[in-house]
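Below is one structure, written out as structure tokens; the observations come after it.
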Amino acid sequence: MHKKERIVILAGDGIGPEVMAQGIKLLNKLEEYIEIGFDLDEHLVGGAALKAYGVPLKPETLESCKQASAVLLGAVGSPEFDDNPPDLRPERALLDLRAGLGCFCNLRPIHLYKALIDSSTLKREVIADIDLLVVRELTGGLYFGKPAGFETANGERTAVNTMTYSEAEIQRIARKAFEFARLRRRKVTSVDKANVLAVSQLWRSVVEDVAKEFPDVQLEHMLVDNCAMQLIRNPRQFDVILTENMFGDILSDEASMLPGSIGLLPSASLGDGTPIYEPVHGSAPDIAGKGLANPIALLNSIAMMFRYTFSRPLVALAIEEAISTILLRGYHTADMKLEGGKQVGSEEIGDLIISEIIQEYSRPFMTA
Ligand code: NAD
């Protein structure tokens with residue numbers, strides 16, 4: 001009898017359900033080859049939940065997530081809710097999920113696929129061999145600080161958000177960054193705005209204290225504006241980038257363009273409770289429903305789930321290798337440029353990748 005793992009599936013909005021369809025196909029197929037069974041528990045989230053229930057995340061859905069081994073999320077967001085108040089926007093579901101599940105540590109690995117070296121908007125020599133990991137704090141800072149909101153005084157509207165971090169919040173995310181650096185090239189670049197913000201001055205001082213526990217890891221500090229520039233000028237200098245919530249949001253999207261498309265990049269959000277795995281990209285309303293969405297970010301997110309939640313690094317590797325092989329054979333979706341390659345849709349690239357993974361498993365030495 002195979003062990004059953006319950007995964008909450010939150011496909012969401014726009015291209016979310018399209019990329020998720022490929023993920024579900026992969027999980028169903030993998031069950032035949034590995035000794036884990038999956039109980040896939042699907043729920044509405046974001047705009048889809050707003051339409052059905054009037055809220056972006058039902059408390060029952062959050063409760064199901066708390067009881068699961070992992071959450072796999074597609075994307076949320078829809079222009080039809082753009083004028084809603086913050087609490088009734090699809091994106092609110094993400095914040096409530098992260099906070100509700102205690103996912104304070106967001107990992108966004110970024111590396112270059114050999115096949116795509118000419119797909120990036122940057123020159124080959126700048127991006128060759130990039131391999132970096134953004135470790136972003138996910139449950140503090142400006143997106144959660146209070147007070148937050150609008151008010152009107154003397155007939156004029158004002159709005160406020162608050163950036164706040166405690167020592168404990170900084171310590172736990174800094175430790176994660178140093179731990180991951182130990183598994184890589186042992187360098188942490190901590191990004192802040194310590195020349196202006198008190199929060200960043202505390203951040204820098206706490207990170208320096210934590211660094212003393214990891215004398216084998218090199219620490220450097222970088223101001224966020226410089227980091228934005230260095231990511232374009234010389235991204236190869238980075239190993240682990242450690243930063244707070246909003247800086248990480250912006251820098252990781254910037255970094256996501258280095259390999260050529262945001263449609264490739266996965267993320268894992270880890271912490272005290274159920275982890276969340278999801279692509280870095282959003283719901284891409286401009287291409288939704290057209291069969292064009294690139295499912296690779298979602299499939300790479302499943303690879304991260306096998307690595308961090310199911311402790312099956314060989315399964316993760318098989319997924320990542322298959323993606324690389326299919327790209328090297330010239331198959332790509334519309335968001336990637338591949339000279340002389342063959343453009344295919346979401347469904348077809350999903351099928352190609354899944355059959356490549358299965359071929360891996362059919363080889364006698366593969367006993368993941
Ligand atoms: P986006 O990531 O949805 O799209 C940016 C661009 O990248 C678009 O041109 C889109 O077509 C393209 N793109 C993104 N993913 C792709 C994929 N898998 N395949 C092919 N092309 C892809 O960002 P946006 O346009 O700023 O936001 C759209 C909506 O998504 C908004 O409502 C936003 O709030 C939401 N959003 C959600 C998340 C999330 O669910 N985690 C993240 C970011 C944005």
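Counting begins at 1 with the first residue of the sequence. One-based numbering, in listed order, for ligands and for the atoms of each.
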Surrounding [atom1] of [X] (heavy atoms of other residues, nucleotides or ligands, distance under 6.0 Å), is the total greater than 12?
{"X": "D82", "atom1": "CG", "result": "yes"}
{"X": "E32", "atom1": "CD", "result": "yes"}
{"X": "K193", "atom1": "NZ", "result": "yes"}

Is E213 salt-bridged to R175, going by a charged N under 4.0 Å from an acidic O? yes

Is K187 paired with E220 through a side-chain N to carboxylate O contact shorter than 4.0 Å? yes

Can you list the atoms of ligand 1 that are under 4.0 Å from a heavy atom of [X]?
{"X": "G263", "result": "17 (C), 18 (N)"}
{"X": "L94", "result": "39 (C), 40 (O), 41 (N)"}
{"X": "E91", "result": "31 (C), 32 (O), 33 (C), 34 (O), 35 (C)"}
{"X": "A75", "result": "40 (O)"}
{"X": "A293", "result": "19 (N)"}
{"X": "E278", "result": "41 (N)"}

When clusters are formed by joining ILVMFWY residues with side-chain heavy atoms under 4.5 Å apart, either directly or through shared neighbours, do F306 and I296 land in the same one?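 Linked within one cluster.
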
Transitively linked via ILVMFWY side-chain contacts under 4.5 Å: L73 with I7?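 No; I7 is not reachable from L73 via cluster members.
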
Option of least heavy-atom distance to [atom] (set: [options]):
{"atom": "atom 10 (C) of ligand 1", "options": "D286, V76, D82, V19", "result": "D286"}
{"atom": "atom 29 (C) of ligand 1", "options": "G16, S283, G282", "result": "S283"}
{"atom": "atom 3 (O) of ligand 1", "options": "G74, G77, A284", "result": "A284"}

Taking [atom] as the reference point, the nearest protein heavy atom with its distance:
{"atom": "atom 22 (C) of ligand 1", "result": "I287 CD1, 4.1 Å"}
{"atom": "atom 5 (C) of ligand 1", "result": "I262 CG2, 4.9 Å"}
{"atom": "atom 28 (C) of ligand 1", "result": "P285 CD, 3.5 Å"}

Measuring from the heavy atoms of A297, does anything fall under 4.0 Å of ligand 1?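 Contact check A297 vs ligand 1: negative.
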
S78 to ligand 1, any heavy atom closer than 4.0 Å: yes

Considering only protein heavy atoms, determine whether one is less than 4.0 Å from atom 25 (O) of ligand 1.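 It does not; no protein heavy atom is within 4.0 Å.
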
Considering all protein heavy atoms, does one lie under 4.0 Å from atom 37 (C) of ligand 1? yes

With rounding to the nearest 0.5 Å, note down the distance linking OG1 in T333 to CD in E348. 11.0 Å

[X], portion touching ligand 1 at heavy-atom distance under 4.0 Å:
{"X": "H281", "answer": "both"}
{"X": "N294", "answer": "both"}
{"X": "I15", "answer": "side chain"}

Please say whether the positively charged group of R136, taken as NZ for Lys or CZ for Arg, lies over the ring of F247, i.e. under 6.0 angstrom from the six-membered ring centre and within 45 degrees of the axis. no

Is the terminal nitrogen or CZ of K58 (NZ for Lys, CZ for Arg) located under 6.0 angstrom from the six-membered ring centre of Y53 and within 45° of that ring's axis?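 Pair K58/Y53 counts as cation-pi.
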
Partners passing side-chain hydrogen bond (donor to acceptor under 3.5 Å, both in side chains) against D118 (at least two apart in sequence or in another chain): R124

Can you name the residues that form a ring-ring contact (aromatic ring centres under 6.0 Å, His included) with Y308, not counting sequence neighbours?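 In terms of ring-ring contact (aromatic ring centres under 6.0 Å, His included), with neighbours along the sequence ignored, Y308 is linked to F180.
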
